[in-house]
Every structure is written in C-alpha cells, then in structure tokens.
Asks: 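Okay, handing you the structure first.
Whatever order the structure lists ligands and atoms in, that order sets their numbers, starting from 1.
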Amino acid sequence: MRQIEALVIGAGPAGLAAADVLSGAGHPVVICDRMPSPARKFLMAGKSGLNLTWDGTVENHVAASGEALRPMLEAFGAEDVVRWAEGLGQPMFTGSTGRVFPVAMKASPLLRAWLARLEARGVTLERRWRWTGFEGAASVFETPGGAVQVEAKVTVLAMGGASWARLGSDGAWAQALRNVAPFQPANMGFRVDWSPHMARVFGQPVKGVAWRAEDQVSRGEVIVSKTGLEGGGIYALSRALRDGAALHVDLKPDWPEGEVARRLVRRGKETWSAVLRKGLRLDPVKAALMREFGGPPEGWSAALVKDLPVRLAGPAPLDEAISVAGGLRFEVLDDRLMLTARPGVFCAGEMLDWEAPTGGYLLTGCLATGRWAGTGAAEWLKARSGTS
Ligand SMILES: Cc1cc2nc3c(=O)[nH]c(=O)nc-3n(C[C@H](O)[C@H](O)[C@H](O)COP(=O)(O)OP(=O)(O)OC[C@H]3O[C@@H](n4cnc5c(N)ncnc54)[C@H](O)[C@@H]3O)c2cc1C
C-alpha cells in the first residue's frame, strides 16, 4: 500500500488543472493515467485548432454549460483561461465568431509548458496505471507491474467521458461508481441511409446553407460522409436532434422564397439537373441533397428548397462523439465537487453530468471544474493539517 498526500486520476485538462492548483498550493501530487502519455484527447482537440474558450460573459458560458457549473465558471471563466494560457507562454487570439485559440493553434506547445511547470513543482506522473475502483480507503490500479493500491489524503477523479476510447477516456470508471447518468453522445454527427447516387459527393462539404432543428438554426459547414452528416454545422444542433427534433435545411438561405420560385422553372427540354445548377445555382453536393430528400422533381417547390426535410437514421456511435452527456450526477457531490459518500474524493471534467456545445465551452468547463476540485482538495488538506 502506497500512502501519499494528493492523488489525481486522469491526466486530461481537468486532472492537470486540479494538479496545477494542488501543486501550486505546495502539495506533493501524483497523477495516474491509464495511457502511456498524458492528455491525448487535448492534443487531438488541437489538431483542428485548439478552441480553448469563447469570448463571452459568464452568463453565456453558464447558458451553454448548465447552472451546475456556475460557481466554477464564475471563479475561472473565459478571461481566466486566456490569462492562464498566456501565463504558459501561449499568446491567444479571438476569431471572428468569438472562438478563442492559441496563436500556435495546436495544443502541444501549451501542454509541454504546462507539464514542465507541473514537473518543476515535483508533480509525478504514473503512466499505464488504470484505476479500477476503491478498496476501503485506497484507490486500486492495474499497472504493468501488477495491482497497486494507493491511499491518498485527497483524490481528484478526472477520467473524462466515454468517447474516443483510443485516446484514453473509455468511461469504464462508471462501473466502479454509483449515481452515474447514462452516457449519450453530444456534439456528434448523424447517420443517414444514403441512396447509391450520393456516393459521388461523399467527403464533400455543404457550405452556405442553413440547417434547422426546431427554432435553432446553424450556418456551419457540414460534411457528407459515407455514413451520414458530420461537422460543426450539425454538432451545433445535435442536442436538439438527439432529443427528437427533425432536421431541415434551407439550400438558399440568402434568397427570398419568391426568388427561388422564379428560378425553379424548367424551360423547354432543360433537365432538372440544369435547373438546380443554372437556375438555383446549387453546387453538386447541394443538388444531390435536393435529389436525395426532395422526392420526384415534379413536386419540387420553392418552399421545399427553403425547408428540405433531412431523414436521419440516428446519432453517430458514442465513441465517435466529440463529447458526452451523462456522467456522475451532481446530487452526489457537495458544492466543492467532493463525493459526499467519500470525504476527500473530488471529481472534475467531462466525467461529470453536464454537456455543452463546441466553441471552447467544453475545455473551459473542464479547466474550471478541475481547478475547482483542486482548490477544494487543497482546502480539505489545509483544514486537516491543523494550520487553518
Ligand atoms: C476530436 C476532438 C476535438 C475537440 N476539440 C475541442 C475544442 O476545440 N474545444 C473544446 O472546448 N473541446 C474540444 N473537445 C472536447 C475536449 O477535448 C474534452 O471535453 C476534454 O478533453 C475533456 O477533458 P477531461 O480532462 O475531462 O477528460 P479527458 O481529456 O478525456 O482526459 C481523461 C484522462 O483520464 C484517463 N483515464 C480514463 N480512464 C482512466 C482510468 N480508469 N484510470 C486512469 N486513467 C484514466 C484518460 O486516459 C485521459 O488521459 C474535442 C474533443 C475531440 C474528441
């Protein structure tokens, strides 16, 4: 049995943020992760531009992420994320849509600087250590050298959600904890049972249209993939679609319906393809969508072009989702994110039962809850050291 002061399980952004606070308060910290290297999902997030936060008020962030995260976001919001990243030598910029990125765009320089700071404070990282649950007061790990038990004065659990398992967060921790709301995909694509003619537009982006789910509209780009629709434009509507809303697309959002009606006319021997291409100026992928979902051309109308129903066959699998809904319920945590049934054990990040759209809200929420849990753990240690 190894006895230590502070144990952090999971070396993603939430766990590293907790370790940052704990080590900053002078506590020796051991981080354990089941993977051979830390923060693999964070590095993956940087592949298409690390969207660390969104340039909005706390109210914007709470509206996106849920009331449960209010205290954490008030303590560590968008401006704090920027200051923190700049403090690690990564200048930041705000894109035209309000998304905030490091100038380097990638996650690796930020992660390197972060890990170096933790190492300089004496934080150690145990790799390939898989947490399998508690035995009495100890955390039990499967390690390359066999089972190891660690008893810590404080523990922060930050094992992520249940998507992209190959990067580490497989959600298996849920078997060892009670009160876990079932995982559901969030910020995910949707499957479509395409007809064979769609094969020639697989991989192509649909740009400049307006996707709608009930009263929510998204102008973002969507890719037509072999299995369905993917990309930011559909992720933005994915929560409503997952919860049963129907998807519609306006193929000519910048044309009034009257203009579409005037152009949707077949002259002489003109083919319907020519009407779509020349009359409506639809590119091949939009024209393919019209053919796929519009029924026989004789029934096409301007109203249909501007509100085409898209038949979805269900969400993409959980493992392919950018994030997950569900996780450890807030009812079993106190206001410091400590498990009320296990004093001294705090929880943070995507393993908690909250969800948010893309746009930097996810990483901001993970950093904010990680710091909050780390602060709670440091206060817990201080209160028990008799120095408070
Ligand atoms: C492709 C992609 C792009 C994304 N882009 C963005 C973006 O631009 N902006 C944004 O805000 N969000 C983005 N996200 C989401 C964001 O990366 C996650 O929400 C965030 O990484 C979650 O942080 P976390 O620390 O809670 O969990 P994770 O990052 O998943 O880290 C959890 C850690 O716990 C470890 N672990 C799991 N189980 C165990 C166990 N039993 N024992 C020991 N260790 C364990 C894992 O190996 C992992 O290292 C993206 C996600 C994906 C997949």
Asks: Considering distance alone, does some N or O of S323 sit under 3.5 Å from an N or O of ligand 1?
Replies: no

Asks: Report yes if D33 has an N/O atom closer than 3.5 Å to an N/O atom of ligand 1; otherwise report no.
Replies: yes

Asks: So is G360 close enough to ligand 1, meaning a heavy atom under 4.0 angstrom away?
Replies: yes

Asks: Please check this pair: side chain of W173 against backbone of G160, looking for a donor-acceptor N/O pair closer than 3.5 Å.
Replies: yes

Asks: Work out whether the distance between some heavy atom of M44 and some atom of ligand 1 is less than 4.0 Å.
Replies: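 Yes.
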
Asks: Measuring from non-hydrogen atoms of S163 to any atom of ligand 1, is the shortest distance under 4.0 Å?
Replies: no

Asks: When C347 is tested against each of I9, T155, L339 for side chain to side chain contact (heavy atoms under 4.5 Å, CB included), which residue passes?
Replies: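 Single pass found, and it is L339.
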
Asks: Please tell me whether R291 and S273 have a donor and an acceptor in their side chains that are separated by less than 3.5 angstrom.
Replies: yes

Asks: Give me the nearest non-hydrogen protein atom to atom 17 (O) of ligand 1 as residue plus atom name, then the distance to 0.1 Å.
Replies: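 The closest one turns out to be K41 CG, 3.8 Å.
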
Asks: Assess W164 for proximity to ligand 1: is some non-hydrogen atom of it under 4.0 Å away?
Replies: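 Yes.
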
Asks: Tell me, please: is A158 in heavy-atom contact with ligand 1, that is, under 4.0 Å?
Replies: yes

Asks: Which part of A14 is near ligand 1, with near meaning a heavy atom under 4.0 Å away: side chain, backbone, both or neither?
Replies: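 Both of them.
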
Asks: So for ligand 1, is E350 a polar contact partner (N or O within less than 3.5 Å, distance only)?
Replies: yes

Asks: Take every heavy atom of W129, measure it against each atom of ligand 1, and state whether any distance is under 4.0 Å.
Replies: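 It does; at least one heavy atom falls under 4.0 Å.
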
Asks: Under 3.5 Å between some N or O of ligand 1 and some N or O of L363?
Replies: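 Among all N and O atoms of L363, at least one is under 3.5 Å from an N or O of ligand 1.
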
Asks: Look at atom 31 (O) of ligand 1 and say which protein heavy atom is nearest, naming residue and atom and giving the distance to 0.1 Å.
Replies: G12 CA, 3.4 Å

